[in-house]
Engineer: 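I have a structure here, written as structure tokens, and I will follow up with some questions on it.
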Number of protein chains: 2
Amino acid sequence: MDIQEGKQKFIESWGKMASDWGINRTMAQVHALLLIAPEPLTADEVMEGLSISRGNSNMNLRALMDWGLVHKQLKAGERKEYFYAEKDMWTVVRQIIVHRKKKELEPMLKVLDEVANIEPNCPESESFCNVVKDIRMLSSKANQTLDTLIKADSNWFANIFLRMVR
Amino acid sequence: MDIQEGKQKFIESWGKMASDWGINRTMAQVHALLLIAPEPLTADEVMEGLSISRGNSNMNLRALMDWGLVHKQLKAGERKEYFYAEKDMWTVVRQIIVHRKKKELEPMLKVLDEVANIEPNCPESESFCNVVKDIRMLSSKANQTLDTLIKADSNWFANIFLRMVR
DNA sequence: CATAGTTTTCAATTTTTTTTGAAAACAAAA
DNA sequence: TTTTGTTTTCAAAAAAAATTGAAAACTATG
């Protein structure tokens with residue numbers, strides 16, 4: 001396999017995986033393109049590299065900056081903006097966790113807290129309360145665990161992995 | 001808040017969360033409905049309960065059975081099929097991990113293995129190989145960790161959580 | 001084997017999400 | 001201030017995903 005084919009495959013596969021996870025496929029492809037680029041790219045190069053429109057390129061670059069996965073770089077004497085991806089994979093994982101936890105886990109926890117006040121006084125409400133209680137416990141544990149992960153450094157992270165597979 | 005409102009909120013929120021995670025919203029709502037039901041429901045009751053069509057109800061019930069999150073129950077002397085959700089949350093989490101790992105992580109790992117053979121011999125290919133190497137390592141560690149999780153029992157799982165938040 | 005209750009299928013439709021591209025906004029240089 | 005290169009916006013179009021519902025398939029029972 002040559003380098004061009006490899007890049008192609010990687011970008012495609014990264015996009016596929018992301019879309020399975022509810023992330024815009026193009027956003028992930030822009031991310032992949034920047035991840036494997038040796039130098040920062042301009043919005044035009046991203047457009048070109050993925051055959052997408054200027055608007056699409058711009059929007060996804062901004063989304064990636066929102067997620068903290070891509071940064072802007074200005075070159076002295078140039079008007080164009082350059083973009084490069086965060087390449088430390090532990091930081092990438094951390095940023096994704098931070099973002100998704102805030103947007104997805106926390107709202108769910110809030111709803112669970114709200115509905116947890118219901119009185120269990122019939123088979124219907126008893127069944128409901130049991131399930132809510134269990135999910136609430138699990139989610140809040142997950143939430144705490146993710147907080148620990150976010151604060152942890154990459155060595156600690158590697159350690160947990162090692163401990164778990166041993 | 002009364003029980004009806006609570007159920008409504010829970011079903012909605014479970015569906016929202018799932019759709020953020022790339023899972024069909026209705027499938028998650030069917031799951032939520034069955035989770036909080038004190039007794040198994042028929043396809044008709046699911047249709048009714050969520051105001052969806054027969055086809056939709058049927059398809060999502062089958063998908064949930066595919067994921068191992070819902071089971072069929074036949075009642076003696078009745079022709080209708082009844083469905084109930086797996087209520088042990090550790091089993092639910094495990095089933096979701098099994099399913100998504102197979103459908104999403106493993107294909108990505110396969111691609112990473114394929115592209116890992118490329119020779120790093122120019123800035124372009126060097127950058128590519130570095131990123132691929134890192135992601136490959138992380139993914140394969142994640143894969144191993146998930147295997148351990150899948151095999152683990154719920155006590156062990158709770159333990160890991162405890163260890164991590166301590 | 002015929003009937004009736006039930007589940008499954010899938011082409012057509014609807015809804016949701018993503019993408020486009022041209023115009024507007026912006027900002028550096030002339 | 002005007003020109004020019006660049007980024008941003010967003011209504012409209014396109015693409016993708018989900019849903020419907022009626023017909024077909026299935027299956028227990030008389």
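A, B, ... follow the sequence lines: proteins, then strands. Residue 1 opens every chain.
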Engineer: Under 4.0 Å, heavy atom to any atom of DNA chain C: which of residues 75-83 of chain A qualify?
Structural biologist: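 Residues of residues 75-83 of chain A that come under 4.0 Å of DNA chain C are, in numerical order, A:R79.
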Engineer: Do A:D20 and A:K16 meet the salt-bridge criterion of a basic N to acidic O distance under 4.0 Å?
Structural biologist: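 Judged by the 4.0 Å cut-off on N to carboxylate O distance, A:K16 and A:D20 do form a salt bridge.
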Engineer: Considering non-hydrogen atoms only, spot the tightest contact between B:E12 and B:Q29 and give its length.
Structural biologist: CA-NE2, 4.1 Å
Engineer: Under 4.0 Å from any atom of DNA chain C, heavy atoms only: list the residues of residues 9-26 of chain A that qualify, in numerical order.
Structural biologist: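 A:N24, A:T26 - these, ordered by number, are the residues of the stretch whose heavy atoms sit under 4.0 Å from the strand.
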Engineer: Over all heavy atoms of both residues, which pair between A:P40 and A:E45 is shortest? Give the atoms and the distance, please.
Structural biologist: O-OE1, 4.2 Å
Engineer: B:A28 and B:A18: which non-hydrogen atoms are nearest, and at how many Å?
Structural biologist: CB-CB, 3.2 Å
Engineer: Of all heavy-atom pairs between A:W67 and A:I96, which one has the smallest distance, and what is that distance?
Structural biologist: CZ3-CG2, 4.2 Å
Engineer: Specify the residues of residues 50-66 of chain B, ordered by number, for which at least one heavy atom lies under 4.0 angstrom from an atom of DNA chain C.
Structural biologist: B:R54, B:G55, B:N58, B:M59, B:R62
Engineer: Salt bridge or not between B:K110 and B:E106? Use side-chain N to carboxylate O under 4.0 Å.
Structural biologist: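 No salt bridge links B:K110 with B:E106.
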Engineer: Tell me yes or no: between the side chains of B:S127 and A:K87, is some donor less than 3.5 Å from an acceptor?
Structural biologist: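 Yes.
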Engineer: For residues B:C129 and B:I118, report the shortest heavy-atom separation together with the two atoms involved.
Structural biologist: SG-O, 3.4 Å
Engineer: Can you measure A:M27 atom CE to C:dT17 atom P for me and round it to whole angstrom units?
Structural biologist: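 Rounding to the nearest Å, CE of A:M27 and P of C:dT17 are 16 Å apart.
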Engineer: Which pair of heavy atoms, one from B:L109 and one from B:S139, lies closest together, and at what distance?
Structural biologist: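 Shortest heavy-atom contact: CD2-CB, 3.7 Å.
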Engineer: With B:H99, which of B:K103, B:K101, B:Q95, B:K102 fulfils side chain to side chain contact (heavy atoms under 4.5 Å, CB included)?
Structural biologist: B:K103
